[in-house]
Amino acid sequence: MEDKNEELASLIFPDITETIEDLEKRYPKRNLPEGAEVTRFAPSPTGFLHIGGLFGSLIDMTVANETNGKFIFRIEDTDKKREVENGVRNLITQMRAFKVINDEGLVSETEEVGDYGPYKQSEREYIYKVCAKELIRNGRAYPCFCTSEELDRLRESQEKNKQIPGYYGMYARCRNYTADEAIEKIKSGMSYIIRFRSLGSHLKKVKIQDIIRGKIEMAENDQDIVIIKSDGLPTYHFAHAVDDHFMRTTIAVRGEEWIPSTALHLDLFSALGFEPVRYAHTPTIMKNDNGSKRKLSKRKDPESAVSFFIEEGYPADSIIEYLLTIINSDYELWRKANKDASWREFKVKLNKLNSSGALFDMQKLTDVSKEVISRYKSQELLSLVLDWAKVYDKELYDILNKDLDYAKEVFAIERDNAVKIRKDIAKYKDIIPNTFYMYDELYEKDIKNGLDFNLEKLNKEDIKAILNNYLNIHSSSLDKETWFANVKEMANTMGFCVNMKEYKASPESFKGSIADVTDVIRVAISNRHNTPDIYCIMRVLGEQRTKDRIKKAIENI
Ligand code: GLU
């Protein structure tokens, strides 16, 4: 019998001479410090990096880094239909844009580092075949000659009779052929694929200790799944067991959609004589859609693609930081206590990961990102914005480049060592809407339809009077206190209340408040009611430009 299996195995894989034992030697156990974890990010080369993929890869990287382990980037390209041109390159570019850097595996479309490769599954055909051959030799795999029509019919009849669907037990017709029969069919030219021979029973239970979810119990696997397809490549299931064993992965961090397949994977590990990896099944990233939670959809939600955030100009730090708040609920507390620390200093705790659907909340991301950007110094922010604008916003890039020293001053408004740091920018696309008034050509464009004075509060004559009076006292060389004292004095003389409490107590006794006066000045300068400190803005604009804007405003009211 064994000889017959040997004959069958050699007939199917005549060129494979090595055994699993040889592979064990070629890919030995890693020599890493105690507790070191080996993780891997293993997407298909679709070029599309889903936000959930970034989420997983961030976990992979931090867990490996924190334990002095290794983080591998592997490409799962056994499904040729899913492959797109430049898929690997695009994935790597996007990973790098979000500071996800692997220690091992592919580092470009064609280059890889590490001793456990190749790291593209399509280049590992030989390794899968060695393993499949050994399973055939041991009677734990067999050729299946069923046609797709036969399999369709089987599925239909199982559905009709309310049976568990699949190729197993009494339905697994080809598992019953003797090696001789199989050899004969192959020799007669029948086409076939290779199936696993499961010895499990779905009436028995198997327990899985998931790092994130704790104990999970499920039915044992009894499915004779396909391990090698007709194109000679393995299925995901088989490649997972083989690769994660021979790459010496310790934790497979993967999406929760794989939980139901875990019993099968344990069955494969056991049949191959491998120690299984530990699993950490991450929650699916969800979205709140009119009150109900649903999966972020590649088709409907632009924010499902990591490239969306790159194009919008969210700093990598913002996305990472936001994902960390989803990964560990204590991240925000940590951030409060460590205001200036890099997120890299935060220790990710897999067992503290919320296992029920992670909600992706754009508003929360916006808030996190505003905080992140508020922490950048002006020079750092300027270079990040320049890098981004060079690719995604030509107008901004050109404007900034006209005078980089001036741009630096603009970026320094309410930043660097300011007492109050501005928090109005969540992404680089917000830069123009929030600083356009620092650039004459953009300001001119914005005021084409007039300045947005609050005419419900003050009439045109009052506005003109404020601006005329202000023109007389304006000087860019004053310090802020003196400047403000002058504005207050002017307001007071004009009948505006300079004390907000007093004003609120009897608004009818005044023309308005000091806030109305500064609002008029602010609108004349910026055409906005909300800006960073108007004094700082005028300082950077300089005496002449400030005065010109006020004069022009007076003329155009
Ligand atoms: N290629 C699989 C996927 O993208 C990888 C799953 C895993 O990490 O094992 O879902």
Side-chain angles (χ1 to χ4, degrees), residues 312-315 317-318 321 335-336 338-341 363 365-389 393 396 399-400 402-440 442-443 446 451-452 470 474-488 500 514-547 549-550:
E312 288 291 296
Y314 285 91
D317 290 328
S318 301
E321 187 132 344
R335 172 49 80 200
K336 279 208 179 90
N338 301 276
K339 286 215 158 59
D340 298 316
Q363 188 49 51
L365 166 66
T366 302
D367 295 342
V368 168
S369 193
K370 283 181 178 170
E371 288 291 332
V372 166
I373 292 184
S374 78
R375 287 198 293 271
Y376 290 142
K377 297 283 181 251
S378 52
Q379 187 57 59
E380 186 181 9
L381 180 60
L382 178 58
S383 18
L384 287 168
V385 172
L386 283 170
D387 285 349
W388 174 81
D393 191 339
L396 178 61
I399 287 172
L400 296 177
K402 264 191 204 148
D403 186 345
L404 286 174
D405 289 334
Y406 177 72
K408 169 114 198 296
E409 278 185 70
V410 171
F411 278 61
I413 293 172
E414 286 194 352
R415 197 172 293 285
D416 296 338
N417 302 315
V419 183
K420 183 174 159 257
I421 304 284
R422 68 191 292 179
K423 290 189 182 165
D424 54 345
I425 294 171
K427 54 187 192 296
Y428 305 144
K429 269 200 182 162
D430 297 342
I431 300 269
I432 287 195
N434 285 288
T435 57
F436 73 91
Y437 44 80
M438 302 310 296
Y439 292 94
D440 294 335
L442 299 181
Y443 169 82
D446 195 72
L451 287 157
D452 183 30
Y470 180 70
H474 176 77
S475 160
S476 290
S477 55
L478 298 174
D479 65 63
K480 189 170 170 184
E481 281 69 41
T482 317
W483 171 81
F484 196 45
N486 290 351
V487 176
K488 279 209 245 183
M500 288 311 282
I514 180 73
D516 299 321
V517 174
T518 49
D519 182 60
V520 168
I521 302 172
R522 190 186 306 277
V523 172
I525 299 293
S526 68
N527 203 21
R528 290 292 179 276
H529 297 277
N530 279 313
T531 67
D533 191 307
I534 194 66
Y535 167 83
C536 300
I537 290 175
M538 293 194 295
R539 281 285 286 229
V540 177
L541 283 174
E543 180 102 22
Q544 201 49 51
R545 287 166 74 205
T546 303
K547 284 189 164 165
R549 284 193 189 181
I550 293 182

Novice: Locate the shortest heavy-atom distance separating L451 from A524; write the atom from each residue and the value.
Specialist: CD2-O, 4.2 Å
Novice: Distance from I373 atom CD1 to D430 atom CG, nearest 0.5 Å?
Specialist: 7.0 Å
Novice: Here's one to test your reading of the geometry: is the NZ or CZ of R549 within 45 degrees of the ring axis of Y443 and under 6.0 Å from its centre?
Specialist: yes
Novice: Measure the shortest side-chain to side-chain distance between L386 and L404 over non-hydrogen atoms and say whether it is less than 4.5 angstrom.
Specialist: yes
Novice: Nearest heavy-atom pair of S526 and F436: which atoms, and what distance?
Specialist: O-CZ, 3.3 Å
Novice: Thinking salt bridges, do D367 and K370 make one under a 4.0 Å N-O criterion?
Specialist: no
Novice: Decide side chain to side chain contact (heavy atoms under 4.5 Å, CB included) for I525 and R545; before the verdict, give the C-alpha distance in whole Å, the side-chain angles of both, and the deciding distance to 0.1 Å.
Specialist: CA-CA 9 Å; I525 299 293; R545 287 166 74 205; over 6 Å; no
Novice: Restricting to non-hydrogen atoms, name the atom on I537 and the atom on P532 that form the minimum distance, rounded to 0.1 Å.
Specialist: CD1-O, 3.5 Å
Novice: Quick check: does any side chain N or O of D393 sit under 3.5 Å from a backbone N or O of L396, one acting as donor and the other as acceptor?
Specialist: yes
Novice: Hey, what do you get for NZ (K420) to CG (D533), rounding to the nearest 0.5 Å?
Specialist: 7.0 Å
Novice: Using atom types as modelled and distance alone, determine if a side-chain donor or acceptor of Y439 lies under 3.5 Å from a backbone N or O of I432.
Specialist: no
Novice: Distance from T366 atom OG1 to I425 atom CD1, nearest 0.5 Å?
Specialist: 13.0 Å
Novice: Hey, what's the ring geometry for W483 with Y535, parallel, tilted or perpendicular (30° and 60° as the breaks)?
Specialist: tilted
Novice: Does any N or O in the side chain of S476 come within less than 3.5 Å of the main-chain N or O of E543, such that one atom is a donor and the other an acceptor?
Specialist: yes
